[in-house]
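This report concerns only the one structure given below.
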Amino acid sequence: MTKRQLAGSAAILLALTVPASAQDEAPRGKLPTVSRNSPPSSNATVNLINLLVKQGTLSEEQAAALIKQADDEAYVARQATRDAATKAEGAEKAAATATEAVSPPGTKRVTYVPEIVKKQLRDEIRAEVMAKAEKENWASPGKYPEWAQRIRFYGDVRVRYEGDHFPAGNGPLQNFNAINTGSPFLEDNFNAVNPYLPPTYNTTQDRNRFRFRARLGADVDLYDGFTAGLRIATGENSSPVSTNQTFGNNGGDFSKYALWLDRAFIKYQPVQDFVGSVGRFDNPFWSPTDLVWYKEIGFDGFAIQAKQEVAEGFTPFFVGGAFPVFNTDLNAGLNTSNLSGPIKSPSRDKWLFGAQGGFGARFDPETSLTMAVAYYDFTNMRGKLSSPCLVGAATDVCETDILRPSFAQKGNTYMQLRNIPLVLPASFPPNGSLNYQYYGLASDFRPVVASAQLDFAQFNPVHIILDAEYVWNTAFNRGAVAAVAVNNFAGTPSGAAGAFNGGNQGWLARLTVGNKEVKHLWDWNAHVGYKYLESDAMVDAFVDSDFGLGGTNLKGYFIGGNVGLGENIWASVRWMSANGIAGLPYAVDIVQLDLNARF
């Protein structure tokens with residue numbers, strides 16, 4: 001910076017930091033003393049120049065000359081400003097004189113700006129400044145860019161202890177899922193002693209497990225009512241009803257655990273009361289309990305949800321959708337064998353179509369009621385016996401193999417899928433065709449579900465909530481199912497299978513007291529209830545995976561509670577006592593202790 005530039009800057013600082021009255025009154029010939037030991041001055045310019053002298057940048061003579069030059073230039077600037085103000089004042093007086101000349105005698109004029117105009121000007125200026133500040137991101141230093149602000153991350157972690165306790169007297173429970181997802185089971189086809197035993201569930205050995213669940217998701221605002229979402233989760237397999245991972249169950253030795261794509265969807269919400277979803281998303285149907293749908297199940301397909309308040313406190317709603325349960329592989333049509341020669345297997349896509357209508361009613365600020373009725377239609381879910389099929393080895397394929405469930409828990413009634421003749425050509429094994437068998441569901445499923453929830457908040461924040469749900473599989477035909485069933489027969493004293501005793505109905509009732517949601521320290525709630533779900537009331541693959549260790553054909557009590565340990569941290573305890581309804585005796589008591597964290 002040149003001496004001339006430094007002097008100009010000093011002049012400006014001098015004019016700004018010294019009050020006008022003091023500047024006018026100060027004698028022109030007297031300047032502040034410049035010295036290496038000068039005390040601090042109220043004049044910022046003098047302090048700056050003293051600092052430069054102290055640091056040796058300027059000599060005392062140079063500093064004195066700079067201050068004098070700056071003072072002179074500041075004086076000129078002040079005079080120019082004063083002259084301009086005088087001229088403006090003269091022009092204003094001239095304009096006032098001209099106005100008064102044409103005004104009636106006695107007219108008085110007062111300059112007045114209405115308060116509403118002042119407020120409007122302030123609001124406009126503030127809006128312009130804030131818009132520019134947010135656009136350039138200098139109003140909130142460190143704030144994320146605009147595109148990042150449209151992404152919301154969320155997640156949770158749960159650590160669980162589970163104790164499974166079996167009483168004496170349980171019978172063996174065949175694991176049809178293990179057969180259908182693996183190699184077919186070799187049944188005894190010729191009344192000979194079968195060296196192979198079917199896979200079964202554990203019904204006798206008490207077990208203790210430590211498990212965890214971790215999920216991480218993101219929702220993204222895409223403008224114009226569109227949003228998208230993704231979520232990943234843990235899990236021992238691709239089960240639709242569990243994201244639990246058992247410690248030490250992935251090969252042991254502290255092996256790492258797998259992650260699965262749990263949600264992937266696009267939603268369109270043009271108005272507040274309408275949502276369209278496509279992809280893999282949360283259950284769109286209102287379901288206050290887990291009688292029919294596991295509470296964390298994800299739906300593949302598309303759905304619409306709509307509601308409209310038609311009167312104060314009364315809001316009807318509707319949900320509908322179509323969901324592919326199983327899609328035949330593009331290159332399916334494997335060569336299968338029957339008595340007439342090789343054929344191609346036909347496509348057997350499985351779908352779920354669902355519709356639900358209901359309403360929410362608020363009778364007063366403390367009392368609300370929600371009720372709904374839903375109808376679900378599962379297509380191509382029931383098994384079908386194949387045409388006569390030649391099976392010489394476990395790798396052979398029959399035309400209806402594709403109808404076996406790709407995932408199941410337990411409880412549904414099953415039938416054989418393969419029609420394997422007993423008398424066959426000599427080219428087959430010595431005992432004829434081997435009965436390597438797969439199994440399909442013996443019933444169709446078209447359940448009707450009625451749901452209700454009554455919420456009393458007279459003791460807010462403590463709520464008293466009554467939940468109830470009832471399911472009835474309208475497609476169940478007892479005679480047709482009994483004719484092909486291979487399980488769910490009553491036991492007899494002799495040990496032989498008795499009559500088929502499966503069913504098609506279920507219900508659940510639950511009472512909850514406490515905070516509706518546990519989010520803060522010492523928030524709490526407790527619940528107690530009873531559940532009754534017959535074998536073929538619902539497809540067992542999609543119901544609760546905890547009660548009775550999952551599936552249908554179960555009844556019993558459950559009780560539990562939650563307490564907040566901090567912000568979004570809480571502990572849970574639950575006890576469930578389940579007993580089988582049809583088939584051989586089965587019972588299990590389950591205790592779960594959870595530590596949960598949400599973010």
Side-chain angles (χ1 to χ4, degrees), residues 154-166 170 173 175 177-178 181 199-217 231-263 282-283 289-290 293-298 407-411 518 525 527 531 540-552 554 556-566 568-578 586-599:
Y154 64 93
D156 62 82
V157 176
R158 181 180 70 196
V159 181
R160 165 177 291 177
Y161 160 76
E162 178 177 304
D164 306 325
H165 306 282
F166 300 96
N170 281 351
L173 200 60
N175 189 341
N177 184 61
T181 57
T200 58
Y201 292 100
N202 173 30
T203 61
T204 58
Q205 300 295 317
D206 292 351
R207 297 297 303 271
N208 294 288
R209 297 188 289 180
F210 289 90
R211 318 184 81 187
F212 75 96
R213 181 188 71 184
R215 301 182 296 187
L216 178 64
R231 189 173 78 186
I232 55 176
T234 53
E236 294 178 355
N237 49 51
S238 59
S239 161
V241 292
S242 177
T243 50
N244 289 318
Q245 176 67 60
T246 302
F247 284 109
N249 199 37
N250 195 41
D253 296 324
F254 305 126
S255 299
K256 293 184 288 293
Y257 301 101
L259 287 175
W260 302 84
L261 184 61
D262 191 38
R263 297 290 187 271
D282 293 339
N283 182 0
T289 79
D290 53 17
W293 300 111
Y294 171 62
K295 59 187 175 182
E296 301 292 346
I297 194 170
F407 173 81
Q409 297 192 80
K410 61 181 185 297
V518 176
N525 60 42
H527 65 268
K531 180 177 185 177
D540 66 32
F542 308 129
V543 302
D544 180 29
S545 62
D546 293 323
F547 186 80
L549 295 178
T552 63
L554 295 166
Y557 296 92
F558 55 90
I559 187 171
N562 305 275
V563 61
L565 304 179
N568 291 315
I569 301 176
W570 71 100
S572 305
V573 60
R574 186 160 60 150
W575 172 77
M576 296 166 283
S577 180
Y586 172 73
V588 59
D589 290 337
I590 301 171
V591 177
Q592 293 177 341
L593 302 175
D594 296 345
L595 180 62
N596 308 270
R598 177 173 49 212
F599 54 89

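Bear in mind the structure is a predicted one, so any value in this text is a computation, not a measurement.
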Q. Where do L216 and F599 land on the side-chain contact (heavy atoms from CB on, under 4.5 Å) test, with the steps shown first?
A. CA-CA 9 Å; L216 178 64; F599 54 89; 4.0 Å; yes
Q. Quick one: does N237's side chain have a donor or acceptor within less than 3.5 Å of a partner on S239's backbone?
A. yes
Q.
Taking the side chain as everything from C-beta on, heavy atoms only, tell me whether L565 gets closer than 4.5 Å to L595.
A. yes
(Q) Using salt bridge (Lys or Arg N to Asp or Glu O under 4.0 Å), reason through D262 and R231 one step at a time and then give a plain yes or no. (A) CA-CA 5 Å; D262 191 38; R231 189 173 78 186; 2.4 Å; yes
**Q.** 4.5 Å side-chain heavy-atom contact, N177 and K410
**A.** no
Q) Using 30° and 60° as the class limits, which term best fits the ring planes of F558 and H527: parallel, tilted or perpendicular? A) tilted
Q: Return the orientation label for the F166 and Y586 ring planes: parallel under 30°, perpendicular over 60°, tilted otherwise.
A: tilted
Q: Indicate the ring-plane relationship of F542 and W293, choosing parallel, tilted or perpendicular according to the 30° and 60° boundaries.
A: tilted
Q | Atom pair CH2/CD of W260 and E236 - distance to nearest 0.5 Å | A | 10.5 Å
**Q.** Criterion side-chain contact (heavy atoms from CB on, under 4.5 Å) on R574 and D546, from CA distance to verdict
**A.** CA-CA 10 Å; R574 186 160 60 150; D546 293 323; 3.0 Å; yes
(Q) Could you check whether any side-chain heavy atom of Q409 comes within less than 4.5 Å of a side-chain heavy atom of L549, counting everything from C-beta outward? (A) no
Q) Looking only at atom types and distance, does a side-chain atom of T234 sit under 3.5 Å from a main-chain N or O of T243, one as donor and one as acceptor? A) yes
Q: Decide if atom OH of Y557 counts as having more than 12 heavy atoms of other residues, nucleotides or ligands within a radius under 6.0 Å.
A: no
Q) Going by an N to O cut-off under 4.0 Å, is there a salt bridge joining R598 and D156? A) no
Q: Using a 4.5 Å cut-off on heavy atoms from C-beta on, say whether the side chain of F407 contacts that of T181.
A: no
Q: First locate atom CG of N208, then atom OH of Y161, and finally report the distance between them rounded to the nearest 0.5 Å.
A: 3.5 Å
Q.
What I want to check is whether the side chains of N175 and Y201 have a donor and an acceptor closer together than 3.5 Å.
A. yes
(Q) If only side-chain N and O atoms count, and only distance matters, is there a donor-acceptor pair under 3.5 Å linking R211 with T246? (A) yes
Q. Are the side chain of S545 and the backbone N or O of V241 linked by a donor-acceptor pair below 3.5 Å?
A. yes
Q: Show your reasoning for whether side-chain contact (heavy atoms from CB on, under 4.5 Å) applies to K531 and L554.
A: CA-CA 8 Å; K531 180 177 185 177; L554 295 166; over 6 Å; no
Q. With side chains defined as the heavy atoms from C-beta onward, is the minimum distance between P240 and Y294 less than 4.5 Å?
A. no
Q. If you measure from CG on N562 to CG on N525, what distance do you get to the nearest 0.5 Å?
A. 4.5 Å
Q. Roughly how far apart are R158 CZ and Q592 CD, rounded to 0.5 Å?
A. 7.5 Å
